[in-house]
Amino acid sequence: MLKFLQDYMPMGQITGMVYRGATGFEPVFLAGDISPPRVSSNLEQIFCERYFRLDPNLTTIQNFNPHDSFRIARFDVRTLPSSQYRSVFWQRQGYGDKCSLIFYREGRVFYCNFYRAINTEHFSKSEYQLIERLAPLLSSLISHHYRLTKTEQLSKVIAYAERSQQPAQHDTKKSGPVTLSPRENMVLQLLLTGLNNEAIALDQKLSINTVKVYRKRLYKKLGVTSLNELYAKTLRDD
């Protein structure tokens with residue numbers, strides 16, 4: 001995607017992440033060469049966990065309307081209220097300007113940032129307009145990439161569910177493999193791709209309460225009490 005954009009305008013680095021509410025963001029991808037990859041990756045992780053609260057676009061992300069397809073956010077580093085944030089995440093990394101794409105897909109708010117190096121010109125009005133025209137395509141590419149990054153982990157979860165020999169907890173006298181119903185398997189797959197109860201209900205045309213019932217059943221069958229435990233158990237038993 002970076003190479004694609006560089007065919008249209010100067011672009012040094014791109015980052016993509018998914019908003020996770022009060023806990024911050026989940027990194028999705030990072031590409032570019034403004035700063036060393038390892039340094040950029042570490043800083044992105046720190047931003048997603050802590051410094052996201054200082055991002056001037058946070059309020060827009062928090063209040064993003066799912067009925068809006070996307071929003072292009074302009075940015076002026078001079079308006080940053082925190083000199084530490086400006087120093088660590090801008091000046092030391094060689095960033096000169098940023099344009100942001102915020103969009104909603106499949107129950108998630110995505111946040112994609114396009115950076116230019118400090119020795120290049122700022123994004124022009126015509127370039128903002130170009131990014132706006134490309135936004136539907138970029139949104140599809142980013143959300144598709146996010147789904148692909150979840151595929152390997154999802155496959156492990158499904159394989160674990162299929163090979164599990166643990167008796168269901170509600171009937172310990174019975175033995176044999178745990179069997180998830182088709183609906184429970186579907187809810188499991190959607191949970192592991194990052195969808196919450198509301199998004200699953202919308203996707204499967206179910207009520208939120210029905211999704212909660214399926215979720216409770218599959219947790220009980222697999223012997224876990226939370227999504228984190230499900231991830232951990234899958235990786236441990238892989």
Side-chain angles (χ1 to χ4, degrees), residues 1-2 5 11-32 34-66 68-77 79-82 84-95 97-116 131 135 138-154 190-200 226-228 230-232:
M1 183 168 60
L2 178 61
L5 287 171
M11 190 78 65
Q13 196 150 306
I14 303 178
T15 64
M17 53 198 75
V18 172
Y19 182 56
R20 291 296 192 184
T23 58
F25 290 82
E26 175 189 357
V28 177
F29 68 87
L30 186 154
I34 292 182
S35 58
R38 180 174 295 182
V39 173
S40 296
S41 179
N42 289 340
L43 282 176
E44 183 184 38
Q45 190 65 47
I46 293 172
F47 169 86
C48 288
E49 294 175 355
R50 294 193 297 277
Y51 281 91
F52 70 91
R53 296 178 181 88
L54 298 176
D55 192 292
N57 290 324
L58 181 60
T59 300
T60 300
I61 295 168
Q62 291 173 326
N63 300 320
F64 194 80
N65 188 339
D68 295 336
S69 54
F70 63 87
R71 180 173 296 183
I72 305 297
R74 300 191 177 193
F75 185 81
D76 185 348
V77 65
T79 65
L80 286 173
S82 169
Q84 182 184 17
Y85 181 91
R86 184 166 58 247
S87 173
V88 173
F89 289 93
W90 278 83
Q91 296 168 349
R92 294 182 187 176
Q93 304 313 309
Y95 297 150
D97 196 16
K98 179 176 83 168
C99 173
S100 300
L101 169 63
I102 305 167
F103 65 94
Y104 184 90
R105 281 290 179 95
E106 302 172 1
R108 310 175 189 88
V109 177
F110 288 82
Y111 185 34
C112 183
N113 295 302
F114 309 100
Y115 293 96
R116 276 188 173 167
I131 292 176
L138 295 174
S139 301
S140 296
L141 290 173
I142 294 167
S143 58
H144 181 64
H145 175 82
Y146 179 74
R147 288 195 300 271
L148 290 178
T149 61
K150 296 294 182 180
T151 300
E152 182 177 355
Q153 189 174 42
L154 175 58
L190 295 175
L191 282 171
L192 268 297
T193 58
L195 269 65
N196 58 22
N197 290 341
E198 291 78 8
I200 294 173
S226 69
L227 193 57
N228 286 338
L230 182 58
Y231 277 122

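For this chain, numbers begin at 1 and follow the sequence in order.
Interatomic distance, OG of S139 versus CZ of F103, reported as 4.5 Å (0.5 Å rounding). Between I46 atom CD1 and S41 atom OG the span is 10.0 Å, to the nearest 0.5 Å. The distance from atom CE of M17 to atom SG of C112, rounded to the nearest 0.5 Å, is 8.5 Å. Put simply, CZ on R116 and CE on M11 are 6.5 Å apart, with the number rounded to the nearest 0.5 Å. Rounding to the nearest 0.5 Å gives a distance of 13.5 Å between CD1 of I142 and CZ of R108. Atom CD of Q45 sits about 9.5 Å away from atom CZ of R50, to the nearest 0.5 Å.
Using a 4.5 Å heavy-atom cutoff, the side chains of I14 and L30 are not in contact. In this structure, the side chains of F47 and D55 come closer than 4.5 Å at one or more pairs of heavy atoms. Between E44 and C48, the closest side-chain pair of non-hydrogen atoms falls below 4.5 Å. Here the side chains of R105 and S140 are in contact, with some heavy-atom distance below 4.5 Å.
Applying the side chain to side chain contact (heavy atoms under 4.5 Å, CB included) criterion to R71, with sequence neighbours excluded, gives T60, F64, D68. By the ring-ring contact (aromatic ring centres under 6.0 Å, His included) test, F52 is found to be paired with F25, residues two or more places apart in sequence or in another chain being considered.
The heavy-atom pair separating D97 from W90 by the smallest distance is N-CZ3, 3.5 Å. Nearest approach of I34 to G94, heavy atoms of both residues: CG2-O, 3.7 Å. Annotation for R53 and A22: closest pair NH2-O, 3.9 Å, computed over non-hydrogen atoms.
The aromatic rings of Y146 and F110 sit perpendicular to each other, their planes meeting at more than 60°, with 30° as the lower class boundary.
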Determine whether V18 and V109 satisfy the following criterion, side chain to side chain contact (heavy atoms under 4.5 Å, CB included), listing intermediate values before the conclusion. CA-CA 6 Å; V18 172; V109 177; over 6 Å; no
Assess whether side chain to side chain contact (heavy atoms under 4.5 Å, CB included) is satisfied between Y104 and N65, documenting all intermediate values. CA-CA 8 Å; Y104 184 90; N65 188 339; over 6 Å; no
Please report the C-alpha distance between Y115 and T15 in whole Å, then the side-chain angles of each, then the deciding distance to 0.1 Å, and finally whether the side chain to side chain contact (heavy atoms under 4.5 Å, CB included) criterion is met. CA-CA 8 Å; Y115 293 96; T15 64; 3.8 Å; yes
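With no hydrogens or angles considered, no side-chain donor-acceptor pair links S143 and E106 at under 3.5 Å.
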